[in-house]
Novice: 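Below is one structure. I have some questions about it.
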Protein chains: 2
Amino acid sequence: MKETKKRTFTCGLDAAIAVMGGKWKGLILFALQDGPLRFGEVRRAVPGISERVLILQLREMEATGLLHREVYHQVPPKVEYSLTEFGDSLNAAMAPLGEWGEEHIERIEAIPWNEVG
Amino acid sequence: MKETKKRTFTCGLDAAIAVMGGKWKGLILFALQDGPLRFGEVRRAVPGISERVLILQLREMEATGLLHREVYHQVPPKVEYSLTEFGDSLNAAMAPLGEWGEEHIERIEAIPWNEVG
DNA sequence: GCCCATACTGACATTTATGTGGGTACCCGG
DNA sequence: CCGGGTACCCACATAAATGTCAGTATGGGC
């Protein structure tokens with residue numbers, strides 16, 4: 001008896017943040033901006049992510065309609081992930097954020113992160 | 001013996017996401033965009049956040065240099081939070097994300113979030 | 001003396017996110 | 001029959017984020 005409970009959001013930014021989820025989805029989206037990638041390619045494109053977490057993220061992003069999963073019935077298996085239009089539009093909306101990060105990266109890296117939290 | 005360990009980031013987006021932290025900092029930034037707010041005002045401007053979490057977020061954002069904390073020595077106490085230039089620039093970079101969320105809010109709310117995770 | 005309002009602090013519980021190490025399935029070539 | 005290569009799945013462990021609830025300090029007004 002799973003209910004498909006709908007969330008409500010206080011504003012657009014709230015909704016966008018919910019879609020981005022944790023710290024990985026944005027990077028995965030970013031990695032896929034230049035075209036489809038196989039599972040292993042995505043993993044290499046997102047340094048530091050564990051296999052299991054990547055799978056979870058990809059599944060969630062597929063469920064939210066951000067990306068498309070194409071399975072090729074081959075051996076060894078081949079699965080390609082690509083952005084949907086929805087995912088592409090989110091990617092575009094995140095671009096300024098990426099630029100902001102680039103511009104301020106030195107300052108951000110200089111933050112004593114262990115003392116912050 | 002706290003070490004001020006610096007993180008490194010794979011790209012600007014990675015860094016920006018780290019600064020935004022969880023699901024609240026973006027909304028707090030957004031709430032402060034029109035000028036300083038007192039603690040209680042921020043809380044009312046960010047529906048759903050608990051007092052404790054708000055305090056933690058504000059402290060972290062102060063530590064990362066996103067906002068400024070001004071204490072007025074009065075009784076009852078008065079503390080005003082305002083964006084720094086740094087915070088303001090991040091806010092500007094998040095604007096497109098907010099707009100994206102607005103545009104797609106119906107679709108986002110229709111996502112069966114309980115089945116996603 | 002007591003209560004008010006405000007901005008906290010602290011102990012604790014829970015939920016969510018992330019990570020680790022293993023195993024599975026497939027077909028092929030050796 | 002065995003190992004290679006790929007994309008997974010599973011049980012489990014930990015870390016990080018968030019939430020609940022009670023309590024504190026202050027000085028003015030009653």
Side-chain angles (χ1 to χ4, degrees), chain A residues 5 7 9-10 14 17-28 31-32 36-64 67-82 111 113-117, chain B residues 5 7 10 14 17-28 31-32 36-64 67-82 111-117:
Chain A
K5 155 176 50 177
R7 272 193 56 179
F9 300 96
T10 62
D14 189 17
I17 290 172
V19 172
M20 293 216 294
K23 63 174 174 177
W24 297 116
K25 295 203 181 71
L27 297 173
I28 295 171
L32 287 170
L37 291 180
R38 299 182 55 167
F39 178 82
E41 293 172 325
V42 179
R43 176 155 46 87
R44 284 187 289 276
V46 183
I49 196 168
S50 77
E51 220 173 49
R52 194 185 95 90
V53 170
L54 177 55
I55 292 167
L56 291 176
Q57 301 293 312
L58 289 171
R59 288 292 140 83
E60 290 179 25
M61 292 166 77
E62 196 191 352
T64 57
L67 49 81
H68 172 73
R69 179 167 177 264
E70 185 77 33
V71 180
Y72 297 83
H73 291 286
Q74 307 174 352
V75 169
K78 171 177 174 181
V79 179
E80 270 191 354
Y81 294 90
S82 56
I111 292 170
W113 289 98
N114 55 324
E115 294 173 8
V116 166
Chain B
K5 156 176 47 178
R7 274 192 57 178
T10 61
D14 190 16
I17 289 173
V19 172
M20 293 217 295
K23 63 174 173 177
W24 296 116
K25 295 202 182 71
L27 298 173
I28 294 170
L32 287 170
L37 291 179
R38 298 183 57 170
F39 177 82
E41 293 173 326
V42 178
R43 175 154 47 88
R44 283 186 291 276
V46 183
I49 196 169
S50 76
E51 218 174 49
R52 196 186 92 91
V53 171
L54 177 55
I55 291 167
L56 291 176
Q57 301 293 312
L58 289 170
R59 288 291 142 82
E60 288 179 26
M61 293 167 75
E62 197 192 348
T64 56
L67 48 82
H68 171 72
R69 179 166 177 265
E70 184 76 34
V71 180
Y72 297 83
H73 292 286
Q74 305 174 353
V75 169
K78 171 178 173 180
V79 180
E80 271 191 354
Y81 294 91
S82 55
I111 292 170
W113 289 97
N114 55 323
E115 293 172 11
V116 167

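This is a predicted model, so every value here is computed, not measured.
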Novice: Could you state the atom-to-atom distance from CD of A/E70 to P of D/dT6 in whole Å?
Specialist: 19 Å
Novice: May I ask you to verify if any side-chain N or O of B/R59 is less than 4.0 angstrom from the OP1 or OP2 atom of C/dT9?
Specialist: yes
Novice: Rounded to whole Å, how long is the line connecting atom NZ of A/K25 with atom C1' of C/dT16?
Specialist: 11 Å
Novice: Is the shortest side-chain heavy-atom distance between B/I49 and B/V42 below 4.5 Å?
Specialist: no
Novice: Ignoring hydrogens, what is the shortest heavy-atom contact between A/P47 and B/T10? Give both atom names and the distance.
Specialist: CG-CG2, 3.9 Å
Novice: So which one's nearest nucleotide on DNA chain D is more toward 5', B/E51 or A/P76?
Specialist: A/P76
Novice: Any side-chain heavy atom of B/R69 sitting closer than 4.5 Å to one from B/R59?
Specialist: yes
Novice: Is A/L67 close to A/Q57 at the side-chain level, that is, under 4.5 Å between some pair of heavy atoms?
Specialist: no
Novice: Strictly below 4.0 Å: does B/Y72 bring a side-chain N or O up to OP1 or OP2 of D/dT26?
Specialist: no
Novice: Would you compute the distance between atom CD of A/E60 and atom CD1 of B/I111 and round it to the nearest 0.5 angstrom?
Specialist: 11.0 Å
Novice: What is the distance, rounded to the nearest whole Å, between atom CD1 of B/I17 and atom P of C/dA17?
Specialist: 14 Å
Novice: Rounded to the nearest Å, what distance is computed from the CZ atom of residue B/R69 to the P atom of nucleotide C/dA7?
Specialist: 10 Å
Novice: Check the distance between D/dA17's P and B/M20's CE and give it to me in whole angstrom.
Specialist: 14 Å
Novice: If I compare all heavy atoms of A/E41 with all of A/R38, which pair ends up nearest, and what's the gap?
Specialist: OE1-N, 2.6 Å
Novice: Using only side-chain N and O atoms of B/R43, determine if any of them is under 4.0 Å from OP1 or OP2 of C/dC8.
Specialist: no
Novice: A/Y81 vs A/F39 aromatic rings, parallel, tilted or perpendicular, using cut-offs 30° and 60°?
Specialist: tilted
Novice: For B/R38 and C/dA7, is the shortest distance between a side-chain N/O and OP1 or OP2 below 4.0 Å?
Specialist: yes
Novice: Do the side-chain N or O atoms of B/W24 get closer than 4.0 angstrom to the phosphate oxygens (OP1, OP2) of D/dA16?
Specialist: no
Novice: State, to 0.1 Å, how close B/K23 and A/I17 come at their nearest heavy-atom pair, and which atoms those are.
Specialist: CA-CG2, 3.8 Å
Novice: Of the nucleotides C/dC8, D/dC9, C/dT20, which has the atom closest to the A/I55 side chain?
Specialist: D/dC9
Novice: Which angle, to the nearest 10 degrees, lies between the helix axes at the two ends of the helix from C/dG1-D/dC30 to C/dG30-D/dC1, each defined by five pairs?
Specialist: 30°
Novice: Measure the distance from NE2 on B/H73 to P on C/dC8 and round it to the nearest whole Å.
Specialist: 11 Å
Novice: When you check the phosphate oxygens OP1 and OP2 of C/dT18, does a side-chain N or O of A/Q57 lie under 4.0 Å from one of them?
Specialist: yes
Novice: Which nucleotide in the set C/dT18, C/dC8, C/dC26 lies at the smallest distance from any side-chain heavy atom of A/P77?
Specialist: C/dC26
Novice: Using atom CG of A/L58 as one end and atom C1' of D/dC9 as the other, report the distance to the nearest whole Å.
Specialist: 15 Å
Novice: Side-chain N or O of A/R52 versus OP1/OP2 of D/dA13: is the shortest distance under 4.0 Å?
Specialist: no
Novice: Which nucleotide in the set C/dC8, C/dG19, D/dT26 lies at the smallest distance from any side-chain heavy atom of A/V53?
Specialist: C/dG19
Novice: Need to verify one output field. Residue with the more 5' nearest nucleotide on DNA chain C, A/V75 or A/G22?
Specialist: A/G22
